[in-house]
Number of protein chains: 2
Amino acid sequence: MEKKITIYDLAKELNVSPGTISRSLNNHPSISKKTKDKVVLKANELGYKVNKFAVNLRTQKSNTIGVIIPKLDSYFMSTLLAGVEKVANEAGYNLIISQSLESMEKEKLNAKTLYNSGIDAILVSLAFNTENYDHFTPFIKSKIPLIFMDRVHVLPNCPTIVIDNVQAGYDATDHLIQQGCKNIIVITGNLKRNVYADRVLGYKKALKANKYKFSTDCIFETTMEPKNTSDVLGYIKNMDEPVDGLFILADSFAAHCIKELKKENYNIPEDLKIVGFNNDPISVLVTPTLSTIEYPGYNMGLLAGESIINQIKGNINLQETNAISLRHKLIVRESSRN
Amino acid sequence: MEKKITIYDLAKELNVSPGTISRSLNNHPSISKKTKDKVVLKANELGYKVNKFAVNLRTQKSNTIGVIIPKLDSYFMSTLLAGVEKVANEAGYNLIISQSLESMEKEKLNAKTLYNSGIDAILVSLAFNTENYDHFTPFIKSKIPLIFMDRVHVLPNCPTIVIDNVQAGYDATDHLIQQGCKNIIVITGNLKRNVYADRVLGYKKALKANKYKFSTDCIFETTMEPKNTSDVLGYIKNMDEPVDGLFILADSFAAHCIKELKKENYNIPEDLKIVGFNNDPISVLVTPTLSTIEYPGYNMGLLAGESIINQIKGNINLQETNAISLRHKLIVRESSRN
DNA sequence: TTGTATGCGTTATCAA
DNA sequence: TTGATAACGCATACAA
C-alpha cells in the first residue's frame, strides 16, 4: 500500500503478461482458475489497487451518476436522495451530488461541471426559476441518460418520475369541500414548476366539479420560506369573504403557518381547515396534526435510481416508460377534521 | 458536440502541435495571447470538451471529495452536507456522497469504494456502531486527507470538527437544574459515539457541580427512532422518584416524546421540563416549543469543506488544527421555562 | 489459455 | 514561444 502497484508489477512478479493480470482481475472467462487464483493472491499480497482513472479513460465510463437538486436540506429531497443512493450504491455506482440552491444560474453551472466530469447519467430536479433548458441539451446530444424527478420538464427522451399532482390537488381540495369549506385558498410555490402548477390545476378542477366559482384571488404564490408566513396571514385577513380552508403546498410551510394562525387566535380546524403536502414528519408533530398528501420521496428515489441504471445498461424501452407516476394518498388528520 | 473532439483535432485544424493546444486551453504563460485566442475560439467553435478521464489519469487527481455519512435524510446531516457542497462546489470540487445507514459494514464498503474511486480527500461522520477503524487506514497510508465531522474518532493526522458536546451537555443540564428540576433523565443515542458520550459526560459534570447525586438509572440509551417513544415513557413511569427533567439528545426524537407525553397528560413544562439537542426546525413548531442546543450544522459543513480543501492544497498546518470546535448555544424555549 | 501491441486523451519534459 | 515525445495504467483486438 506504500508504493503504487500496477498490473505491470504483478506481471513481473508472476512472470506472466500484463494482459493476463488484467483479465484475471476482471474474472475474464478465458483465464484458467489456477492463474486467476495466483494473480488475485499476489494482488492482495502486494496491496494492488486498480487505478480507476486508467479504467475510466480506457472504457470512457466512470460508473458515476450525477444529481442536481434544488436543496439538500429539505425533508423531501434528502429522502429522495437516500433512495437514489441506496440503489446506485448497490449497483456499484457512485453519486455526484450538487445543489442548485433554487437558482437557474447555479443549475446551469452544475450541469456543465457534471457534463465535463464524465458522468454516465444524470438525475435532475429543477430549481424554482428554471425556464430555459438548454443546459441539458449536451446530455441529450451525447446520449447521456437524463431523468427528471419530481420537478420535471418534458424533454425528448428524458423520462420523468412524478406523482399525479393534479389528482393530488384535486383530492385535497375536494376533501376540504366535503368538510364544508366555502372559501379555500391555495398557498403555492413558484408556479413555473409542474409540481405546484399541477396541484393548483387539481384545485381548480375540484372547485369546478363541486360547482364552486374560482377566482385568481384564491391563489397566493410565495417562496414558502418561514419568514413569509406573515404575508400569508395578511393576505387571508384582507379577503372579502372569510377564509375557511387552506391548501398549503408544503407541510413545512404549513406548519409555520399553523403556528402563526394560532397566535392570531384562529381555531383550527373549527374556523379554518388546513391540508398540507408531502407528509413531512412535522405533520404528525404539530398541533393540530396536519392533514396532508403522502408523497413517496424514498420510493421515488429508488425508482429513479433503478430507472437510470436500467437506461445506462440499455435494457429499457424508452417509449414505454416516458413518464412514471407514483401513487399518492390523502391523509386526513386533525387540521381538517370536523 | 456530435463527435468527440480532442486536442489532436484542434491541433490539426490549426496546424499547431497538440502540446500548444493543451497549453493554450490551460492558459499556460508560455503561450502567446494570439495563439491562445485562436485556440479557444476554435475549441468553442467545434464544441471541444476536455476529457476528464484523461486529465485524471495524467494528473492522478480527480478534483473529487468523498463523503460518508450515516444518513442523508436527517435535518442535521442534510444541513451539514449543504454547507460542504457549497464550499466544495465553489472551489471546483465535486462531492461523492454515500451513506452508511448507521452500519459499520456498509461504512466499510463505502470506504473501500471511495478509496478505489480515486477521491482526493474524504469527509466522514461515523455510523452508530462503528468500533473498528481499520477501513480508514488506507487513506492515511496513502496520505489522502481525512477529516471527521461531528461523529468523530481520533486517528493520527485526521482533524476533527465538532462542537464542545461536553460543555453543551453541561449547559443543558445546568439549565434544567436552575429551573428547579430534581430528577433529570438523559435520553441518549448509542454511547459509542462521541457526540452522545460527551453530552452525557457534561450531564454528569453538571450534576456534580450542583451536588446532585448521579445514578446510572438516569441514562436511557435508545436508537431514537420514533417507534421507541413508548420505551422511554415506560421507563420514566417506572422510576422510583418522579422524573421532572428530560434531556433528550436529539430534537426530532424529543418532539415525538413530547407528543406521547402530552397524550399521557404530562404537563410540560410544569410537571416535566425538557431540553433537546440540535435546534432542528421542529423545535419551534412543536407545542410547547422546545428548548435546545443550537448546533451549527451548516457552518460545520462550510468549515469541513474549507479545511479539507486547504489540506488537499497542502496549505495548512496539521498540528495546529487537529480539532476544530464550533460554538454551540443553549436556546431556552417553552418546554423548560418556569 | 496466454502474450503482444496499441490506444484512450492528456500533461509535462526536453529540445528547438 | 512552440514542437516532439514519453508517460499515466488499463483493456482489448489480434496473434500465438
Side-chain angles (χ1 to χ4, degrees), chain A residues 1-43 46-64 92 115-120 142 144, chain B residues 1-40 42-43 46-64 92 115-120 142:
Chain A
M1 223 164 273
E2 295 297 333
K3 270 231 138 62
K4 292 243 165 113
I5 302 285
T6 72
I7 54 172
Y8 289 100
D9 298 324
L10 293 178
K12 208 175 291 173
E13 283 277 332
L14 295 170
N15 286 316
V16 293
S17 77
T20 303
I21 302 289
S22 171
R23 283 182 274 245
S24 298
L25 260 16
N26 290 309
N27 210 7
H28 190 103
S30 79
I31 300 286
S32 73
K33 174 132 178 36
K34 214 174 104 186
T35 316
K36 271 182 197 166
D37 290 347
K38 199 173 61 175
V39 171
V40 171
L41 203 70
K42 198 56 152 183
L46 299 187
Y48 168 80
K49 163 196 168 189
V50 285
N51 186 321
K52 276 278 196 278
F53 300 146
V55 177
N56 290 348
L57 174 59
R58 186 56 234 252
T59 60
Q60 294 296 339
K61 298 194 299 124
S62 63
N63 262 256
T64 292
Y115 181 65
N116 284 332
S117 77
I119 51 173
D120 295 345
S142 313
I144 294 172
Chain B
M1 220 164 274
E2 294 298 332
K3 270 230 136 65
K4 291 242 165 117
I5 302 285
T6 72
I7 54 173
Y8 286 100
D9 299 324
L10 293 178
K12 209 173 290 172
E13 284 279 330
L14 294 170
N15 285 315
V16 293
S17 76
T20 301
I21 302 289
S22 171
R23 282 183 276 243
S24 298
L25 261 16
N26 289 309
N27 211 6
H28 189 104
S30 79
I31 300 286
S32 72
K33 174 131 177 35
K34 215 174 100 186
T35 317
K36 270 180 202 169
D37 291 346
K38 198 173 61 177
V39 171
V40 170
K42 196 55 145 185
L46 300 187
Y48 168 80
K49 163 196 168 190
V50 284
N51 186 319
K52 275 279 197 282
F53 301 146
V55 177
N56 291 347
L57 174 60
R58 188 51 236 242
T59 60
Q60 296 295 338
K61 297 195 297 126
S62 63
N63 262 259
T64 292
Y115 181 66
N116 284 331
S117 77
I119 51 172
D120 295 346
S142 312

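Note that these values count all heavy atoms, side chains included, but never hydrogens, waters or copies made by symmetry. Per chain, numbering begins at 1; letters A, B, ... match sequence-line order.
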NA contact type, A:N26, heavy-atom cut-off 4.0 Å: base, sugar-phosphate, or nothing? sugar-phosphate
Need one value for B:S22: base, sugar-phosphate or nothing, where a base atom within 4.0 Å counts as base even if backbone is also close, heavy atoms only. base
Need to verify one output field. Residue with the more 5' nearest nucleotide on DNA chain C, B:Y48 or B:H28? B:Y48
Nearest listed nucleotide, side chain of A:T20, among C:dG3, D:dC10, C:dG9: C:dG3
Separation of D:dT1 atom P from B:D37 atom CG, nearest Å, is 13 Å
Check every strand shown and say whether A:K36 touches a base, only sugar-phosphate, or nothing at a heavy-atom separation below 4.0 Å. nothing
Tell me yes or no: between the side chains of A:K52 and B:N116, is some donor less than 3.5 Å from an acceptor? no
Can you tell me how far the CG atom of A:N56 sits from the CG atom of A:N63, to the nearest 0.5 Å? 7.5 Å
Roughly, in whole Å, what's the span from CD in B:Q60 to P in C:dT10? 16 Å
To the nearest Å, how far apart are B:L57 CG and C:dG7 C1'? 12 Å
Would you say B:K49's side chain and A:Y115's backbone share a donor-acceptor pair under 3.5 angstrom? yes
Using atom NZ of A:K33 as one end and atom P of C:dT2 as the other, report the distance to the nearest whole Å. 13 Å
Would you indicate what B:S30 reaches in the nucleic acid, counting non-hydrogen atoms under 4.0 angstrom: base, sugar-phosphate, or nothing? base
Of the candidate nucleotides D:dG3, C:dG9, D:dC10, which contains the atom at the shortest distance from the side chain of A:V55? D:dC10
Can you measure B:K12 atom NZ to D:dG3 atom C1' for me and round it to whole angstrom units? 16 Å
From the list D:dA4, C:dG9, C:dT1, which nucleotide is the closest neighbour of the side chain of A:S32? C:dT1
Taking OP1 and OP2 of D:dG9, is either one under 4.0 Å from a side-chain nitrogen or oxygen of A:T6? no
Under the side-chain contact (heavy atoms from CB on, under 4.5 Å) test, which residues partner B:S17, sequence neighbours left out? B:T20
So, does A:D9 use its side chain to make a donor-acceptor pair with the main chain of A:T6 at under 3.5 Å? yes
Candidates D:dC8, D:dT2, C:dT10 - which lies nearest the side chain of B:T35: D:dT2
In whole angstrom, what separates A:L46's CG from D:dG9's P? 15 Å
Using the side-chain heavy atoms of A:R23, tell me which of these nucleotides is nearest: C:dG9, D:dC14, C:dT1. D:dC14
On DNA chain D, does the nearest nucleotide to A:I7 precede the nearest nucleotide to B:I31 from the 5' side, or the other way round? Give the residue. B:I31
Regarding the side chain of A:N51, the nearest nucleotide among D:dT2, C:dG3, D:dG9 is D:dG9
Tell me what B:Y8 touches on the nucleic acid: a base, only sugar-phosphate, or nothing, going by heavy atoms under 4.0 Å. base
Let me know the distance between CD1 of A:I21 and C1' of D:dT12, rounded to the nearest Å. 16 Å
Round to the nearest Å and state the distance from B:L10 atom CG to C:dG9 atom P. 13 Å
How close do A:I144 and A:D120 get, counting heavy atoms only, and between which atoms? CG2-O, 3.6 Å
